[in-house]
Amino acid sequence: MGIGLNSDPKVVHHQSIPNTMAIANYRAIRPHQWQEWVETAQHRALSGKLPQYIPQLGLVNPGNFALDIGDQNGIIYETGDTDLTFSLMSVVKPFIWLYILHHRGWQWAQQKVGDRPSDLPFNSVEQLEQDGGYPRNTMVNSGAICLAGHIPGATTDQRCRNFLTWLNHTAQCQLWLDPELLASVHALPNPRNLAIAHLLAEKGYVEDGALALETYNQLCCLSGCLKDLFKLGLALQCPQAPLQLENTVRVKGTMAKAGLYEMSEAFFQRTGFICKSGVSGLILACLPAQSPTIFACYSPPLNEQGNPVAPLALLEFLAEFKQ
Ligand SMILES: NC(=O)CC[C@H](N)C(=O)O
């Protein structure tokens with residue numbers, strides 16, 4: 001097994017980020033400026049597409065929009081329809097990673113998953129084949145399916161419940177499993193994810209590929225509203241006991257490398273934002289520890305890599321902002 005890759009969690013923690021990002025005072029941004037950015041970002045979203053491989057995600061209103069930006073002291077700016085609900089999809093991945101680090105520790109986890117960026121899309125079977133069944137990182141499907149296969153519980157329902165109870169308690173949120181969305185995922189089985197689960201089992205990274213995949217599917221269908229997304233960010237950015245800083249730092253390090261798939265590192269270097277996207281139209285973003293900002297945004301249209309267009313545009317505007 002390939003193990004021990006880039007095992008120092010402090011790498012990203014102390015990585016030099018643009019200074020302006022670390023100290024930017026978003027409270028100084030005036031309402032009309034926010035409004036202008038949001039309008040431009042929403043306009044850019046018109047070029048994006050809804051995913052069709054999960055039928056229900058292809059049916060949502062592409063104009064759905066909600067944004068919260070804030071820190072541990074509260075919301076700095078909020079706009080859009082904050083009552084909208086959505087599934088986490090891949091935004092659950094950092095929290096699966098956190099769960100495994102919390103319960104099993106890094107030494108154990110690195111035998112199952114890597115922590116290197118991937119040059120190929122998030123659902124790539126080819127990357128996993130090239131790597132002999134050892135997932136590149138926990139932000140791509142192979143890594144998350146692998147870890148989902150190691151959540152304790154006799155059945156997928158129990159595994160999902162164990163994870164959900166832990167996450168709701170840890171982040172103080174109220175996520176729930178959306179059964180209609182799960183039915184929609186089942187309606188069109190994803191051949192890539194099936195092949196990934198099969199390979200993981202064949203190479204011994206999970207015991208039961210079908211159980212791992214179904215657990216993963218359920219975890220992707222955990223749903224909530226913008227407040228929940230914000231609270232998830234808060235748990236990563238300002239972890240409270242029993243969460244360990246070392247683990248949240250590691251998760252953020254992986255997000256910086258892989259949270260936006262192929263564009264992750266370039267985006268992090270350019271903007272300073274550490275992100276995780278989901279095909280339901282989410283971006284959860286934060287900054288390295290010295291700046292407590294959390295950015296939670298929902299807007300369904302996606303770019304070619306499967307990252308939502310409007311939230312990315314807003315992060316670019318924020319990165320350019322000089323107070
Ligand atoms: N990028 C994503 O949000 C992908 C999640 C989705 N459940 C999938 O496996 O394709």
Side-chain angles (χ1 to χ4, degrees), residues 48-60 64 86-97 113 117-118 120-128 135-149 151 156 159-160 163 175 177-200 206 209-224 229 232 254-255 257-264 267 275-285 296-309 311-312:
K49 294 203 167 45
L50 298 184
Q52 301 299 331
Y53 72 98
I54 298 175
Q56 203 171 299
L57 293 183
L59 296 175
V60 300
N64 282 350
F86 41 72
S87 57
L88 294 181
M89 286 290 137
S90 279
V91 170
V92 81
K93 288 171 178 166
F95 302 94
I96 303 177
W97 188 206
V113 288
S118 165
L120 294 175
F122 65 86
N123 53 6
S124 175
V125 188
E126 296 75 11
Q127 183 80 79
L128 191 65
R136 271 287 158 121
N137 62 66
T138 53
M139 301 297 127
V140 291
N141 289 8
S142 58
I145 293 170
C146 178
L147 294 185
I151 293 173
T156 51
R159 287 169 184 229
C160 182
F163 176 82
L175 301 166
L177 174 65
D178 180 343
E180 281 169 29
L181 183 59
L182 185 61
S184 182
V185 170
H186 290 154
L188 213 57
N190 181 332
R192 292 193 158 270
N193 285 349
L194 276 167
I196 286 171
H198 185 77
L199 190 57
L200 288 169
V206 294
L211 192 72
L213 179 56
E214 180 50 21
T215 307
Y216 165 82
N217 282 336
Q218 292 198 11
L219 300 187
C220 286
C221 292
L222 294 181
S223 301
L229 189 62
L232 288 174
T254 313
M255 285 166 68
K257 281 181 264 198
L260 295 176
Y261 314 118
E262 306 96 287
M263 64 181 283
S264 308
F267 191 82
C275 304
K276 186 70 202 85
S277 60
V279 288
S280 47
L282 302 182
I283 286 197
L284 178 61
C297 189
Y298 170 52
S299 167
L302 306 177
N303 68 13
E304 291 211 332
Q305 285 105 354
N307 294 316
V309 176
L312 283 182

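Start at 1 and go down the list; that is how both ligands and their atoms are numbered. It should be emphasised that the depicted structure is a prediction, and the values quoted were computed from it without experimental measurement. Excluded from the calculations below are hydrogen atoms, water molecules and symmetry mates; all remaining heavy atoms, backbone and side chain alike, are included.
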Check whether [X] reaches the backbone of [Y] with its side chain - one donor and one acceptor, N or O, closer than 3.5 Å.
X: S280; Y: S87; result: yes
X: S184; Y: L182; result: no
X: K49; Y: L302; result: no

Will you find, in the side chains of N193 and Y216, an N or O donor that is under 3.5 Å from an N or O acceptor?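 There is no such pair between these side chains.
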Side chains of S90 and K93: is there a donor and an acceptor less than 3.5 Å apart? yes
What does the N/O contact table under 3.5 Å look like for ligand 1?
| from | atom 1 | to | atom 2 | distance (Å) |
| --- | --- | --- | --- | --- |
| ligand 1 | 1 (N) | S90 | OG | 2.8 |
| ligand 1 | 1 (N) | Y261 | OH | 2.9 |
| ligand 1 | 3 (O) | S90 | N | 3.0 |
| ligand 1 | 3 (O) | S90 | OG | 2.8 |
| ligand 1 | 3 (O) | V279 | N | 2.8 |
| ligand 1 | 9 (O) | N141 | ND2 | 3.1 |
| ligand 1 | 9 (O) | N193 | ND2 | 2.9 |
| ligand 1 | 9 (O) | Y216 | OH | 2.7 |
| ligand 1 | 10 (O) | Y53 | OH | 2.6 |

Which atoms form the tightest heavy-atom contact between L312 and M263, and what is the distance?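 Minimum heavy-atom separation between L312 and M263: CD1-CE, 3.8 Å.
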